[in-house]
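Letters go in sequence order (proteins before strands), and every chain restarts at 1.
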Amino acid sequence: MGQSVTRSAGAIDVVVIGAGHAGLAVSYLLGKRGVDHVVLERGEIANSWRYERRDSLRLLTPNWQTRLPGRAYDGDDPDGFMTVPELIRFIDDYAAANGAPVRTDTTVTSIRRENGRYRVTSNRDCWTARAVVLATGAFNLASVPPVARDLPAGVRQLTPFDYRSPECVPRGGVLVVGASASGLQLAEELLQAGRQVTLAAGEHVRMPRRYRGRDIFYWLSRTGIHDERYDEIDDVQRGRRLPAPQLIGSHRLPILDLNHVSGLGARIAGRLMSVQGGRLLFSGSLRNVCSLADLKMQRLLKKIDGTADAEGAPAAGQYEPTRVDETPTLTMDVQRDDIQSVIWATGYRPDYRWLDVPVLDRKGRLRHDGGIVDSPGLYALGLPFMRRRKSSFIFGIEDDARDIADHLVGYLHSSSRGKANGIYTDDPTARSYRRSA
Amino acid sequence: MTNTASAVDNGVNVEALLDAREVLTDAPDAARFVWRAESEWKGGTHAESRVEKFFGLGEEQRHVREFSYDTDHPEIFASEDKGSTPVEFVLVGLAGCLTAGIAAVASNRGIQLNSVAAMIEADMNIQGILGIDADVRNGFNSITVNYQIDADASEEDIAALVAQSQKRSAVFDIIANPTNVNVWVNL
C-alpha cells in the first residue's frame, strides 16, 4: 500500500490519475524531483490487474527484464514470467517502498481545463492541478467491432475482460475473433479444455518465444528494437496499431502461432467481416495475412541474426510457414456449426469518457506528441508505442516516465513565471473564470 | 526504406502518392470517392459499358476520355461473343489492381521492376448460374494468381511486395470480403 494521503484536496501541482505501474513510476520520479503531487486511484493499487485479468495470464516480459524506476526484479526465477498475483505484489511493494501519495477508492469523474489549470473532480473530492498525468492505461475497454451487433441473441458474447477460465464459456463451439496474444492464448486454453474452437485471423504478428538460445525480448532489446523512438520511425501510427505479438509468458512452447492452435484442432478462418442472419462471413484474405506475418517474422529474425552472430549465439531453429488450408472456411452458420459463444479478442482501447478536455481526435484517440498531450500541462503514460516501441510494457515505462517527468517539471517552471498570487488557495481563479465565461 | 526511392524508375509518382496520403489523413471528406459505370443492353447477352466520370477530392472528375467495354458470353453459351465474359472483367480488375499496387509499393521501397506478369485463373461450377444445384454458388470457388516478377530485389522482398499489394488492394478486398449490393429499378 502507498501512504494514505490525509492532506485535504484543493490546489496541487500535479495530479496523477491511476496507481498502476505507470502512475507509480511517474509518482516516484516526481517525488525525486520534489514535485508536489497526488495519485488518484479508482480502486486499489494495480486495480486492473487485480480485477480485470484472467486467471492463467502471465506477463509477456521475462522477470529479469521486469523493472520500474528504482526497482528491479530480485526474485529467484529471472527467466520466468510473473503471474497476475506476483505482479500485483510487485506493484504493491513498489508503492509501499516509495511511500507513493496514493488516494485509493477515488474515481475521477471529470477533468476540465479552467483558466490554465486542470480541475479534477472525483467521487470524493476536487483538485485544481497545474498539470495532470493520465496513467489510466491503454487497455481499459475491449474494442469490439460493429459486426458484434449483428450476432443472433442466443450467442453468448465475451471479451477478454469477461473471461477468467474456460468454465466461463458456454458448452459448444467457440469462435475466437482475433489472432493476437490474447486470441491465441485463449484459443489454446479452450482447446486444451476440450472445446471446439474456430479462430478468425486478420493481420497478426508472428514471433517465437525463444530464438537462438535466448528469450525473444532479450533480442528485441539487444537489437535496439524495443528502444526505437516514436519520432524516429517511418509511421508511428502503424506502430501504434500493431496487434500484440503472438506470444505467451511461458517457455513451454517454442512458438505460439496459428500452426500450434490448428495442430490442437482449431479451425482457422479469415477475418470476421460480416454476420447476416446467423451466417458468419470470413475474409478470403487468410493466405495473405499469413504470408505477411511469415515474411515480417523472417525479416525480424534476420535483423536479430546480425546481433546474434556477433554474440556467437547458437544456430537458428527453423519455423515452417503458416499452414493455410487449400480452401479456408468462408462462412459458418451459427446454428448448423454450433457456435454458442464468441470471444472478441480484437484489441483494447483506453477509456477517456471522464476527460472533458478537447484532446481526442475523430477516432477517439488522444492527440499527443510522445505523451505530451495537445493541452499544456497534460501528459499521458503507458500507451502503445507512446515514446518507444516498449512503451506499453512494464519495463518500458521507465524511460517514458523520466522523459515525461522532466518535461512536466520544465512546464511547471515556465508556467509559474508570472503566476498570480493565491494559486495555492482553493482555485479562486477557476471560479472567477467561470463567472466571466 | 524510402530513401532509395529516387534511384528507381517504375513510372510511379511516389511523391504524389505520399503527398495524397498526408493530405487525405486530415481531410476525410476529400477521400470519399464514387466510381461509376453506365451500361446499355445491345441485344442477346451483349452489353456495352462506359466509364468516364467519377467523384473524388470533393468534386466531379473525369478520365482523359471515355472508355467503353463490351461484355458478352462465348459461343458455347449460344451467345455471339462480342466481348469478354463479365466474370473475366473481374479478373481483369484484380490483375490491374494488384499489378498497380506492386509497382507503387516497389517504387516506395526503392525496388526497380524489370518485368511483372500475372496469370489469373478462377474456377467456377456453372451448375450454380444454371440453377441446377442450389448448393453450388454462382461465383468463383477460388481465384489463383501467379506472378512472374523480375526485379532488382531478393526473393523475400519480392514476396513482400506482392503481399503488401494484396493488403492495400481495393479489388482484392472487394472480392475477398462481403459488400452490400443494392440494385434498384427506376420505373
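- Of all non-hydrogen atoms in A:Ser285 and B:Phe172, the two that sit nearest each other are CB-CE2, 3.4 Å.
- Residues B:Ala163 and A:Asn288 come closest through the heavy atom pair O-ND2, 3.1 Å.
- With a 4.5 angstrom heavy-atom cutoff, B:Asp26 does not touch chain A via any of its atoms.
- To the nearest 0.5 angstrom, A:Lys296 atom NZ is 15.0 Å from B:Glu156 atom CD.
- Between A:Ser274 and B:Pro178 the shortest heavy-atom distance is CB-CG, 4.0 Å.
- Proximity to chain A among residues 75-83 of chain B is not found for any residue, judged by heavy-atom separations below 4.5 angstrom.
- Atom CD of B:Glu22 sits in a sparse spot, with 12 or fewer heavy atoms from other residues, nucleotides or ligands closer than 6.0 Å.
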- prompt: Step by step, would you call B:Arg21 with A:Asp235 a salt bridge (Lys or Arg N to Asp or Glu O under 4.0 Å)?
  reply: CA-CA 12 Å; B:Arg21 186 170 187 262; A:Asp235 186 348; 3.0 Å; yes
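- Put simply, CZ on A:Arg299 and CG on B:Asp157 are 7.0 Å apart, with the number rounded to the nearest 0.5 Å.
- Within residues 28-41 of chain B, the residues having any heavy atom closer than 4.5 Å to a heavy atom of chain A are B:Pro28, listed by residue number.
- Residue A:Arg287 does not touch chain B at all, counting heavy-atom pairs closer than 4.5 Å.
- Atom CD of A:Glu232 has more than 12 neighbouring heavy atoms from other residues, nucleotides or ligands inside a 6.0 Å radius.
- Neither the backbone nor the side chain of A:Gln237 comes within contact range of chain B; no heavy atoms are under 4.5 Å apart.
- For A:Gln276, the part lying near chain B is the side chain, with the backbone staying farther off; criterion is any non-hydrogen pair under 4.5 Å.
- For A:Leu330, the part lying under 4.5 angstrom from a heavy atom of chain B is the side chain only.
- Using a 4.5 Å heavy-atom cut-off against chain A, no residue of residues 114-132 of chain B qualifies as contacting.
- Within 6.0 Å of CD on B:Glu66 lie more than 12 heavy atoms contributed by other residues, nucleotides or ligands.
- In the displayed structure, A:Arg271 atom CZ is contacted under 6.0 Å by at most 12 heavy atoms of other residues, nucleotides or ligands.
- For B:Ser154, no part lies under 4.5 angstrom from a heavy atom of chain A.
- B:Lys167 and A:Leu292 make their closest contact through CD-CD1, 3.8 Å (heavy atoms, listed as atom of the first residue, atom of the second, distance).
- Evaluation of the side-chain contact (heavy atoms from CB on, under 4.5 Å) rule for A:Arg279 yields A:Leu281, A:Thr331, A:Asp333 as partners, not counting sequence neighbours.
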